[in-house]
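In what follows, a structure is listed as structure tokens, so that the remarks can point back to it.
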Amino acid sequence: MHISANQYSPLPDNHHTLNIWKELSSISAEYHVFSRAKKNSFNTTNEGKIFLHLIPSLGKNQFSFFITSLLLIFYVKKLKPTHLIAQCPALGGISATLCKFFFGTKLLVEIHGEHYFKSVKSGWRGTAHHLFFRFFAKFTLAKADKIRSLSSEMSNLLIETYGEKLANKIVLVPNRVNLKIFNAPKATYKTGSALKIITVGSFVRGKNHIELIHHLQKSKVNFELTLVGAGPLKDEYLTLANSLDLGEKIIIRENLSHVELSEVLRSSDIYIHYSLT
């Protein structure tokens, strides 16, 4: 059972994460996902071996999942999964840890982001945000059977931040990107009349795309910005582009394969990563 604070629509649906679930379900009899619905309703649907259990979202903010994920206890009691995968050690991870305590279910915890190790937002809110995740992550990581790390640097940070006892639990499973796809060189490095800029990332606040658009507009550079990704801020990006009279200079590309992305990258002049974390 995979536990995630993300929001989804009932199955059948088509998104990149569903493809990952399909891959993971290939080695299991059943693959259950416990997550938040895009609407405030309970819903259970399935597609093949994938079972999607949705609970009310209570708004877009993921922090509601810290409380509502306690419903996981009832799902685990009923469905009796053999393994739990907590996508976040705090939001859903605490509930998963309780299920491990009550039912003895094996627990794998994933780590995504730097906020478990340091403050990534400014001011007291950023400090509070970091302390919240660090406090509850410490509890979950201590009880987990395995901890998935994305890099050797993250493995070292886990040990430095949460203690040497985690060392034998950490399993390094890096992001799955076939780097050979991106090895082909550019045909030319000459720029045209407009500087072609590209950035890749989810359309969320942390990626800082709105500031990037503002700063490029103020720079007076003749540019063309391609935003590759998907997410809830897409319409806000388009509205901002129109309000700044940048409609034709902002290009949004969604759901590109790695092969397609490599071609877009090679046709660009500059890659900018404006993310806050």
Side-chain angles (χ1 to χ4, degrees), residues 1-113 115-116 129 132-133 136-137 140 144 148 201-207 229-236 254-255:
M1 178 170 279
H2 188 120
I3 302 131
S4 169
N6 292 332
Q7 291 178 285
Y8 297 104
S9 299
L11 297 174
D13 198 6
N14 186 27
H15 48 76
H16 177 66
T17 308
L18 178 61
N19 294 329
I20 296 175
W21 294 344
K22 287 179 179 179
E23 272 192 55
L24 295 170
S25 69
S26 67
I27 60 171
S28 58
E30 295 180 356
Y31 195 86
H32 294 262
V33 180
F34 176 81
S35 193
R36 299 191 305 147
K38 288 187 175 180
K39 296 182 179 180
N40 283 317
S41 60
F42 290 92
N43 196 292
T44 294
T45 51
N46 81 288
E47 183 175 326
K49 292 194 262 183
I50 301 171
F51 295 79
L52 179 59
H53 308 279
L54 300 176
I55 62 174
S57 62
L58 302 183
K60 292 185 177 180
N61 196 308
Q62 291 187 341
F63 276 91
S64 64
F65 196 61
F66 181 73
I67 301 299
T68 58
S69 65
L70 291 172
L71 292 169
L72 176 69
I73 296 171
F74 299 98
Y75 285 84
V76 171
K77 182 179 180 180
K78 177 182 178 181
L79 299 169
K80 298 178 174 59
T82 57
H83 297 77
L84 298 174
I85 302 174
Q87 195 166 305
C88 170
L91 304 182
I94 295 297
S95 298
T97 304
L98 291 175
C99 289
K100 175 179 170 60
F101 175 78
F102 289 131
F103 310 113
T105 317
K106 296 290 186 181
L107 174 60
L108 165 68
V109 178
E110 297 187 320
I111 297 288
H112 299 278
H115 51 283
Y116 303 103
H129 179 269
F132 170 87
F133 281 99
F136 288 106
T140 302
R148 186 262 180 112
S202 301
F203 299 160
V204 295
R205 299 291 175 193
K207 297 303 179 183
L233 297 186
K234 175 186 173 182
D235 291 340
E236 190 169 335
E254 295 182 278
N255 302 318

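In what follows, every heavy atom counts, from backbone to side chain, and hydrogens, waters and symmetry copies are set aside. Owing to the predicted nature of the structure, the values given are computational and were not obtained by experimental measurement.
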Answer yes or no: is there a side-chain heavy-atom contact under 4.5 Å between [X] and [Y]?
| X | Y | value |
| --- | --- | --- |
| F42 | P56 | yes |
| L18 | L52 | no |
| K207 | L233 | no |
| V33 | W21 | yes |
| I55 | F65 | yes |
| L54 | S35 | yes |

Inset, instruction - Please step through side chain to side chain contact (heavy atoms under 4.5 Å, CB included) for the pair L72 and C99, ending with a clear verdict. - result: CA-CA 8 Å; L72 176 69; C99 289; 3.9 Å; yes
Inset, instruction - Taking atom CZ of F63 as the centre, report whether more than 12 heavy atoms of other residues, nucleotides or ligands fall under 6.0 Å from it. - result: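 Yes, CZ of F63 has more than 12 neighbouring heavy atoms, counting only those of other groups under 6.0 Å.
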Inset, instruction - Count the heavy atoms belonging to other residues, nucleotides or ligands that lie under 6.0 Å from NZ of K49, then report whether that count exceeds 12. - result: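 It does: K49 NZ has more than 12 such atoms within range.
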Between atom [atom1] of [X] and atom [atom2] of [Y], what is the distance when rounded to the nearest 0.5 Å?
| X | Y | atom1 | atom2 | value |
| --- | --- | --- | --- | --- |
| N6 | T17 | CG | OG1 | 7.0 Å |
| T44 | L11 | OG1 | CG | 10.0 Å |
| L98 | T140 | CG | OG1 | 8.5 Å |
| T97 | F136 | OG1 | CZ | 11.0 Å |
| I111 | Y116 | CD1 | OH | 5.5 Å |
| T68 | Q62 | OG1 | CD | 10.5 Å |

Closest non-hydrogen atom pair, [X] against [Y]:
| X | Y | value |
| --- | --- | --- |
| S69 | S95 | OG-OG, 2.8 Å |
| S9 | K38 | OG-CD, 3.4 Å |
| P232 | V204 | CD-CG1, 4.0 Å |
| S57 | Q7 | CB-NE2, 3.2 Å |

Inset, instruction - Take the angle between the ring planes of F133 and H129 and call it parallel below 30°, perpendicular above 60°, tilted in between. - result: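 Tilted.
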With a 3.5 Å cut-off and sequence neighbours excluded, list the donor-acceptor pairs that the side chains of residues 76-94 form with protein atoms.
| residue | atom | partner | partner atom | Å |
| --- | --- | --- | --- | --- |
| K80 | NZ | K77 | O | 3.2 |
| Q87 | OE1 | H2 | NE2 | 2.8 |

Legend entry - Donor-acceptor contact below 3.5 Å, side chain R36 vs main chain K60: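 Checked: pair present.
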Inset, instruction - Step through it carefully: locate the ring centre of H32, locate the ring centre of F51, and say whether they are under 6.0 Å apart. - result: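 Under 6.0 Å, so yes.
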Legend entry - E47: partners by salt bridge (charged side-chain N to carboxylate O under 4.0 Å, His left out), with sequence neighbours left out: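 So E47 forms a salt bridge (charged side-chain N to carboxylate O under 4.0 Å, His left out) with K22.
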